[in-house]
Amino acid sequence: MTSADAPDLSRCSLNTATVKRATLEEAVGLAAEAGYGALGLWRDRVQEIGAGRAATVVADAGLRVSSLCRGGFLTATGADDVAAALDDNRRAIEEAATIGTRELVLVVGGLPANSAPGQAPRPDAGPADRDVVAARGRVADRLADLAPFAADHGVRLVLEALHPIFAADRAVLSTLGQALDLAAPFDPAVVGVVVDTYHVWWDPDLRSSVARAGAERRIAGYQVCDWILPLAADPLLSRGYVGDGYVDFATITRWVAETGYTGDVETEIFHQEIWDDDPRRVVATVADRYSRHVLPHLNPA
């Protein structure tokens, strides 16, 4: 393929979770070599070399940072746990500002009854620890605590709705509509949402919620990967390459594009076989699937 025939990857972003065993420097090099425009960074990779160094590595490669993953886990009830969560999220906000992204993705946390992600409830968990409505209320309270700090640093808190299968242990927000309701009291420049196809493809209200998010100027990111079956033993690792599963990327991408969203499109995949593969091959496959299944639908007629 000649350079004139090469697909436009200027809005294609590689989330570092997709190439889990690559260092940040390796991921940046592979993305730049492949012609990507951006990377989404996870905090573990940033912290390995420091936020300042991470910013330099990305900028020197001519790339953008589309987002930082992740902050969140805001549903705790005890005073010490609440303080610890706020401290960690303030550090995440500072890291986002240092690496040069406005967008800090929040996975808001599951029920206090959960002992650890993917594990059984705590033996001492009571009814209050299983109250999902109260847990969402605490997320709202913590957003109010964090919003001024985020605004001072020029960072937006980006709420991510997760598929209901993860409501108990990772996120009590299951729909884009719920995320928008929590964001509503705040300036769109301070609290936004991300549309992640893996988590929201099933939602019967998705089209209207995407339109609402666009009208409210809250779409801070668009993430793509596929819903594949059978589910892995750990459902978290059941994401696939775009085009390998059940998600209608053409339709969802058009809905997002129709809102006027012109930002980056991150591919974020958690799957053991993909993690074990050669990162160079993974980066090439992500670009190919983006070019075939997403890019043609990013510019509405």
Residues forming a side-chain hydrogen bond (donor to acceptor under 3.5 Å, both in side chains) with Arg280, sequence neighbours excluded: Glu33

Side chain His199, main chain His163, donor-acceptor under 3.5 Å: yes

Donor-acceptor contact present, side-chain Arg289 to main-chain Val242, <3.5 Å: yes

Salt bridge (charged side-chain N to carboxylate O under 4.0 Å, His left out) involving Arg53 - partner list, sequence neighbours excluded: none

Enclosure of Arg21 CZ (heavy-atom neighbours >12, cutoff 6.0 Å): yes

Nearest-0.5 Å distance that lies between atom SG in Cys225 and atom CZ in Arg239: 4.5 Å

Shortest non-hydrogen contact between Glu268 and Asp196, atoms and distance: OE1-OD2, 3.9 Å

Lys/Arg N to Asp/Glu carboxylate O, Arg90 vs Asp145, below 4.0 Å: no

Exercise: do Ser66 and Glu103 side chains pair donor with acceptor under 3.5 Å: no

Distance (rounded to the nearest 0.5 Å) between Arg142 CZ and Thr75 OG1: 10.0 Å

Distance in Å, Arg64 CZ paired with Tyr36 OH, rounded so as to fall on 0.5 Å steps: 13.5 Å

Sidechain-backbone polar pair: Thr18 side chain, Thr267 backbone, donor-acceptor under 3.5 Å: yes

Joint cluster assignment, Val191 & Val105, ILVMFWY side-chain distance < 4.5 Å: no

Connected via hydrophobic side-chain network under 4.5 Å: Leu206 and Val194: no

More than 12 heavy atoms of other groups within 6.0 Å of Asp80 CG: no

Any donor-acceptor pair under 3.5 Å from Trp227 side chain to Ser238 backbone: no

Atom of Ala257, atom of His297 and distance for their closest heavy-atom approach: CB-O, 3.8 Å

Residue pair Gln47 / Trp42, side-chain donor-acceptor N/O under 3.5 Å: no

Shared hydrophobic cluster, Leu176 / Trp255 (ILVMFWY, side-chain heavy atoms < 4.5 Å): yes

Residues Arg122, Asp129: salt bridge by 4.0 Å N-O rule: yes

Nearest heavy atoms of Ala76 and Asp81, plus distance in Å: CB-CB, 3.6 Å

Flag, side chain of Arg45 to backbone of Ala22, donor-acceptor distance under 3.5 Å: yes

Donor-acceptor contact below 3.5 Å, side chain Ser208 vs main chain Asp205: yes

Ring geometry between Tyr222 and Tyr261 (parallel below 30°, tilted from 30 to 60°, perpendicular above 60°): perpendicular

Asp88 and Arg70 ion-paired at < 4.0 Å: no

Geometric class of the His153/Phe149 ring pair [parallel <30°, tilted 30-60°, perpendicular >60°]: tilted

Nearest heavy-atom neighbours spanning Leu63 and Ala31: CD1-CB, 4.2 Å

Salt-bridge contact Asp276-Lys20 (side-chain N to carboxylate O under 4.0 Å): no

Same cluster (ILVMFWY, side-chain, under 4.5 Å), Phe249 and Ile228: no

Basic-acidic side-chain contact under 4.0 Å: Arg91, Asp87: no

Nearest-0.5 Å distance that lies between atom CG in Leu14 and atom CG in Leu30: 8.0 Å

Distance in Å, Asp248 CG paired with Tyr246 OH, rounded so as to fall on 0.5 Å steps: 14.0 Å

Interatomic distance, Leu9 atom CG to Leu295 atom CG [nearest 0.5 angstrom]: 7.5 Å

